[in-house]
Protein chains: 2
Amino acid sequence: MLEERDKKVLCAIVQSYINRPDPVGSGFITKSYSFSLSPATIRNIMADLVEMGFLRQPHTSAGRVPTDKGYRLYVDSLCSGESEPDNRKFVHDLAGELESIKNDIDLLFEETTKRLSSFSHYLSAVLSPNAGVATFNKIKLLKHSGNQIVTLLFTDEGLVKNRTIDLGSEISQRDLNRIALYLNSEFYGFNLDEIRLRIMREMAEEKIVCDRLISRALRICKEAVAFPYDNIFISGFSEVLRLPEFSDVERIKDISRAIEDKHLIVKLLDSLLESGNTSVQVLIGSENSVSEMKQFSMVAAIYKKGDKPVGSVGIIGPTRMDYSKAICMVDLTALFLSRMLSER
Amino acid sequence: MLEERDKKVLCAIVQSYINRPDPVGSGFITKSYSFSLSPATIRNIMADLVEMGFLRQPHTSAGRVPTDKGYRLYVDSLCSGESEPDNRKFVHDLAGELESIKNDIDLLFEETTKRLSSFSHYLSAVLSPNAGVATFNKIKLLKHSGNQIVTLLFTDEGLVKNRTIDLGSEISQRDLNRIALYLNSEFYGFNLDEIRLRIMREMAEEKIVCDRLISRALRICKEAVAFPYDNIFISGFSEVLRLPEFSDVERIKDISRAIEDKHLIVKLLDSLLESGNTSVQVLIGSENSVSEMKQFSMVAAIYKKGDKPVGSVGIIGPTRMDYSKAICMVDLTALFLSRMLSER
DNA sequence: AATTAGCACTCTCAATGGTCGAGTGCTAAT
DNA sequence: ATTAGCACTCGACCATTGAGAGTGCTAATT
């Protein structure tokens, strides 16, 4: 059906197109790649590839452009990149420069995202552990001023989140300590979503709460485990704006909506996390479930704390992206994050 | 020099142009606004206004377009907008919906920014109190795990920031308490920049530190007062993309760079804060000191905690923006934030 | 049977030129 | 000081054209 030779031609076209976004003609292929074939033969092959859906021509008698299906074949036949020295250097630098902030996990994610985008020249995103995976480790409660208290929630992943809560009435530090003790024994090891669910249920059941302290405890904990903050870091918008595909205003609007909504990208990275697949995943154009992103590709992987997948990291770019490089960098970054999280 | 009548014509042109971005012709003015003058007279006036630099014509025999100087005159002659019912509603909603999160100051800023942009249809930004103005209130130190401790810094403005620090060696909670006590007595009421400076100095002076506890205290405090987080909230990129001026790709790139750099916008809002000017300020196009922003206008105001200016809020849009509305909304938002911060 | 040279054909792109209309500037009349 | 009248300017729009790149087909070659 699809011979080795055909595949080679396809890959040549994809590579050339990734290099510069002009439709690729039969002549160019014979010149630039050493097939010992004439343009006419290449043309025949190309015609077959079009028919099979791997290529398309923008119009009669322009060259060919890869389709999503074409990119897919290309990516699948990629002998999963031996990380080039360039990329090795990237991780090395990453490790060196970020060693000092590995305690501040949010900052670590942010910086990693920035470096990943500036090095890959694509949009990059890191999904930090969210309520769905984050695991309650301990909580501390501190009296602040008046009726206000501060909750300090620690998760197993190393996240530390503080929130200020107005209780509406005075409470002693002693009572707070008792509440914290209760919560710590009650919720240790559960993930935050479970906790939230459980609190909801208990609050609903015992409408007339017997124990005032417990009711307060639940209320406090409910607030404390709410993650109101963005748990995604995105960077590199100005990088992708440089790409020629973004001379089209509509494209720009698409991607900026995705960035401002964040939601969309979270959704993508999240679904990846749920799939549990450990290796680098590639979503090409229309393979993407989010309609706003059907023009783009995403290369992503999950990172772990110990053996538990806790977040994901990805690169987003046009379907015409340097998959080989992207896959390699995402892989390395995920490994880096896993290492950072695990060795603490 | 500049007669009342000329001013009226200028304002009419500005208004019309703000309404839709087409060069305004003499005929349109006479039709839409009730000057009892013929197009020819209007033309004469317009020619004068061009000569004085308030208008320009894109080319011979197109209509006129306001220059920055023209907008300036327009803004200055604006009888500072009696807040329309529309805007009143905005603040009312704002107050109602955000009442519940006034304890979580970061969230408050973020939500305020979002609402401001979605209501004004321009880009909005809120600069939250930064190290330069934030005042040390108290610090709490908690043992975390191993050599790690968590610092919890409270500022007078209501910010609560936590950081995780790896001390490199074990420390007891008791020592941490002593350190916190020391820092609290030492730095209470100082602003964070001062503290940072002082610590730097002291660390440099006593290279051979006599007191091990104090040296540790300083080190901890130095980390704790570092504000690594963005202290600016920006929202509404997709709003401004809707504007016709952003069908030009270059413009989009400009504004996105400004947004991704944040820095630029921080700089603008910061300079405003330093000027100390209390009322709403308008920077039109080239009046703007940041070159990347010379195509845009900013309407901004500071907000206070009590009597002390602590941050600023602004709207950024094309020079062709609805200044009247923007001024009003920024004013109201600043008042709102001041109220929220002060009544705690 | 697969490959290739040859060639007519198709389609885009950029340049050209012509028309239309909005809006101007000037001049002379009011 | 204002205005009517009018020639003029310039961009927007459109159709035409020619060049060039690349094709698909056919017939010749290996």
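All chains are named by letter (A, B, ...) in the order of the sequence lines, taking the proteins before the strands, and each is independently numbered beginning at 1.
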Exercise. Around Lys8(A), counting heavy atoms of other residues, nucleotides and ligands shown, do more than 12 lie under 6.0 Å from its NZ?
Worked result: no
Problem set entry | Carboxylate-amine/guanidinium contact Arg72(A) Asp68(A), below 4.0 Å | no
Exercise. Got a minute to check which stems DNA chain C is part of, using Watson-Crick or G-U wobble pairs under 3.5 Å, three or more consecutive?
Worked result: C:1-30 with D:1-30
Exercise. Between Ser312(B) (side chain) and Ala301(B) (backbone), is there a donor-acceptor pair under 3.5 Å?
Worked result: no
Exercise. Between Tyr33(A) and Phe28(A), how do the two ring planes meet: parallel, tilted or perpendicular, split at 30° and 60°?
Worked result: perpendicular
Exercise. Rounded to the nearest Å, what distance is computed from the CD1 atom of residue Ile29(A) to the C1' atom of nucleotide dG22(D)?
Worked result: 13 Å
Exercise. Quick one: do Glu292(A) and Arg257(A) make a salt bridge, cutoff under 4.0 Å?
Worked result: no
Problem set entry | Spacing between Arg5(B) atom CZ and dA1(D) atom P, to the nearest angstrom | 10 Å
Exercise. Does the Tyr122(B) side chain pair with the main chain of Asp322(B), one donor and one acceptor, at a distance under 3.5 Å?
Worked result: yes
Seminar exercise, completed: In Val14(A), Val299(A), Ile315(A), the residue satisfying side chain to side chain contact (heavy atoms under 4.5 Å, CB included) with Tyr323(A) is Val299(A)
Problem set entry | Pairing residues for Glu260(B) by the salt bridge (charged side-chain N to carboxylate O under 4.0 Å, His left out) criterion, not counting sequence neighbours | none
Seminar exercise, completed: Quick tally for nucleotides 11-30 of chain C: nucleotides whose base has a protein heavy atom under 4.0 Å get B, sugar-phosphate-only ones S, the rest -, giving SS---------BBBB-----
